[in-house]
Amino acid sequence: MNTSNVKKLILLLALATSGAVVAAEGDVSDSDRIAQYREMISDGNPADFDEMRGEELWKTAGGPKLATLEKCDLGKGAGVVKGAYAELPRYFKDTNKVQDLESRLLTCMSTLQGSSAEAIAAQPFSTEKKPSDISSLATYVAGQSKGIKMAVSVKHPREKEAFEIGKRIFNYRAGPYDFACSTCHATSNVRIRMQDLPNFNIRKDAQAAYTSWPAYRVSQGLTRSFQWRLNDCFRQQRFPEPKFASEATIDLTMFLAVSANGAAFAGPGLKR
Amino acid sequence: MNINMDRRKVLKAGGSAGLLALFASVGLISPALAEGDRKAFFAKSMDEALSLMGVIVPENSDAIKLTVPEIAENGAVVPVSVVSTLPRVEQISIFVDKNPNVLAANFFMPGGTESMITTRVKMGQTANVIALVKADGKFYRASREVKVTAGGCGG
Amino acid sequence: MGNPMKIRAAVKDGVTEVKILMQHEMETGMRKDADGALVPAWFITDVKAQYQGRTVLEAQFGQSISKNPYLVFRFQGGAAGEKLTVSWVDNKGDKRSDEATITA
């Protein structure tokens with residue numbers, strides 16, 4: 001990062017957090033205390049309820065065709081949920097696309113159940129008043145990969161291409177502050193308020209970050225999907241919010257998922 | 001302790017009488033409970049809560065292990081664990097001294113139930129979490145401060 | 001009727017450890033919603049856990065217990081394969097009761 005960018009970063013962070021910004025070095029003790037807090041709340045994750053809701057939705061006939069999603073092919077064959085998330089995103093022959101979990105769920109909900117993809121994409125995230133079905137389904141499917149090692153392939157040329165584009169998007173600077181994801185996520189020991197920002201150039205950081213989503217956000221009292229996480233970071237970056245399950249988000253997810261390869265999937269997580 | 005006087009105090013606490021009546025009218029809890037044990041939940045300070053619970057001055061005790069995080073990243077969820085080695089524990093109560101209502105929960109341990117409890121409380125700001133343990137008819141306490149970086153009363 | 005709880009109960013060396021996660025908003029009555037309107041108080045007031053007709057824990061909650069309340073406690077006895085029941089009531093009169101089978 002060059003100096004002018006560092007200045008801009010600090011300015012933005014200050015704006016975002018009313019003055020409380022630190023690029024801390026040496027001050028490990030607060031991080032340790034936060035780690036202690038996270039450890040203490042890790043048991044009893046309310047994301048379990050979203051998983052239960054998603055499982056129910058998966059197995060209940062719905063949509064105009066009154067079908068369940070139990071025949072949905074998430075990449076490991078029709079109906080195979082276990083371990084599917086650990087290999088997503090991937091290339092799908094039937095759609096001739098690289099798809100992440102949520103875009104694949106959209107495909108299944110429209111082909112199997114006859115639901116309109118536009119209608120589903122219109123409420124892709126839960127709100128305090130209304131849970132989102134596709135978000136709960138994503139929590140359920142992801143939860144079925146708990147403990148399974150991330151093994152996302154880039155063997156297919158389309159997968160390789162998605163990875164490369166995702167990497168470029170990660171480093172692509174634009175917007176009113178000329179920021180990229182990498183502005184905040186490619187340097188160690190950068191913090192906003194109390195949050196240590198993960199450095200995706202460091203395998204261990206990338207793994208920990210990616211494998212803990214979807215996650216229950218304590219501050220919102222809701223379980224959030226990875227698509228939501230990306231949307232929120234586009235917002236932090238002062239970019240327009242991407243379209244739900246759009247190619248850009250899938251490519252970016254591909255890049256981040258591959259960076260997490262080798263680590264056991266640990267989600268759904270629990271975050272501040 | 002004079003029950004009538006306590007009741008007046010509760011009425012004065014404002015709004016609480018209506019809520020008590022509501023509890024009693026839907027038959028959720030017996031009127032005895034509504035007027036008795038639950039009144040401390042409306043207390044606005046530690047002193048008021050303790051006096052409503054009939055506690056004189058609880059002794060600090062090393063036999064109570066109160067585990068809370070030093071820093072809570074979000075006040076909406078602050079984990080609290082209380083373990084006591086005092087003999088014959090009947091009740092464990094948890095307070096947050098700067099919350100609008102200081103008493104968070106009462107736990108009643110019948111014989112055969114171990115004297116420990118883990119739960120999660122909301123904290124609006126940096127405050128003390130206090131564990132009150134009733135053992136063999138006497139009250140003991142332990143207290144620890146938790147720094148809250150984002151208040152939890154927004155939910 | 002409230003939403004289901006998640007209850008895990010495991011016995012080890014004659015002591016059963018119970019972990020309960022309840023689904024409840026636990027509104028304090030002091031929070032404002034997005035439109036600035038006060039959200040009415042709505043919280044669990046009483047919880048009871050029973051094993052073979054014996055009460056093993058009773059609790060009273062106030063507004064300061066977190067959304068989706070979590071409890072861990074232990075009682076002596078309890079046998080693998082036997083059932084434990086947990087029930088709650090809230091200040092609106094809603095109730096919920098769930099069972100869990102104790103595991104070894």
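What you are looking at is a predicted structure, and each value in this text was computed from that prediction instead of being measured. Any value given below was found using the heavy atoms of this structure, including those in side chains, with hydrogens, waters and symmetry copies removed. Chain A is the first sequence line, chain B the second, and so forth, proteins listed ahead of strands; every chain is numbered from 1.
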S.K.: Heavy-atom count around B:Asp136 CG within 6.0 Å, excluding the residue itself: above 12?
M.R.: yes

S.K.: Does B:Arg38 use its side chain to pair, donor to acceptor, with the backbone of C:Thr45 at less than 3.5 Å?
M.R.: yes

S.K.: For a quick test of reading the model, state the closest non-hydrogen atom pair linking C:Ala59 to B:Phe107 and the distance between them.
M.R.: CB-CD2, 3.5 Å

S.K.: Closest heavy-atom contact between B:Lys122 and C:Ile65?
M.R.: CE-O, 3.0 Å

S.K.: Does C:Arg54, at its CZ atom, have more than 12 non-hydrogen atoms belonging to other residues, nucleotides or ligands within less than 6.0 Å?
M.R.: yes

S.K.: Relative to chain C, which of B:Gly112, B:Ser81, B:Pro79, B:Ser93 shows the most heavy atom pairs under 4.5 Å?
M.R.: B:Gly112

S.K.: Please classify the contact between B:Val121 and chain C as side chain, backbone, both or neither, with a heavy-atom cut-off of under 4.5 Å.
M.R.: both

S.K.: For B:Met109 and C:Leu57, work out which heavy atoms get closest and say how close.
M.R.: CE-CD1, 4.0 Å

S.K.: Name the region of C:Val15, side chain, backbone, both or neither, that has any atom closer than 4.5 Å to a heavy atom of chain B.
M.R.: side chain

S.K.: B:Asn101 and C:Met30: side chain to side chain contact (heavy atoms under 4.5 Å, CB included), yes or no, with the steps?
M.R.: CA-CA 11 Å; B:Asn101 299 301; C:Met30 292 165 223; 3.4 Å; yes

S.K.: Tell me, yes or no, whether the heavy-atom count around B:Lys147 atom NZ, taken from other residues, nucleotides or ligands under 6.0 Å, exceeds 12.
M.R.: no

S.K.: Let me confirm one number: the CD-CZ distance from C:Gln60 to B:Phe108, rounded to the nearest 0.5 Å.
M.R.: 4.0 Å

S.K.: What part of C:Leu21 is in contact with chain B, defined as an atom under 4.5 angstrom from a non-hydrogen atom: side chain, backbone, both or neither?
M.R.: side chain

S.K.: What is the distance from atom OG1 of B:Thr118 to atom CZ of C:Phe73, rounded to the nearest 0.5 Å?
M.R.: 11.5 Å

S.K.: Given heavy-atom pairs under 4.5 angstrom as the criterion, report whether the side chain, backbone, both or neither of B:Val80 touches chain C.
M.R.: neither

S.K.: Looking only at heavy atoms, which two atoms of C:Tyr70 and B:Thr119 are closest? And how far apart?
M.R.: O-OG1, 2.9 Å

S.K.: For B:Ala76, does its backbone N or O pair with a side-chain atom of C:Ser66 as donor and acceptor, under 3.5 Å?
M.R.: yes

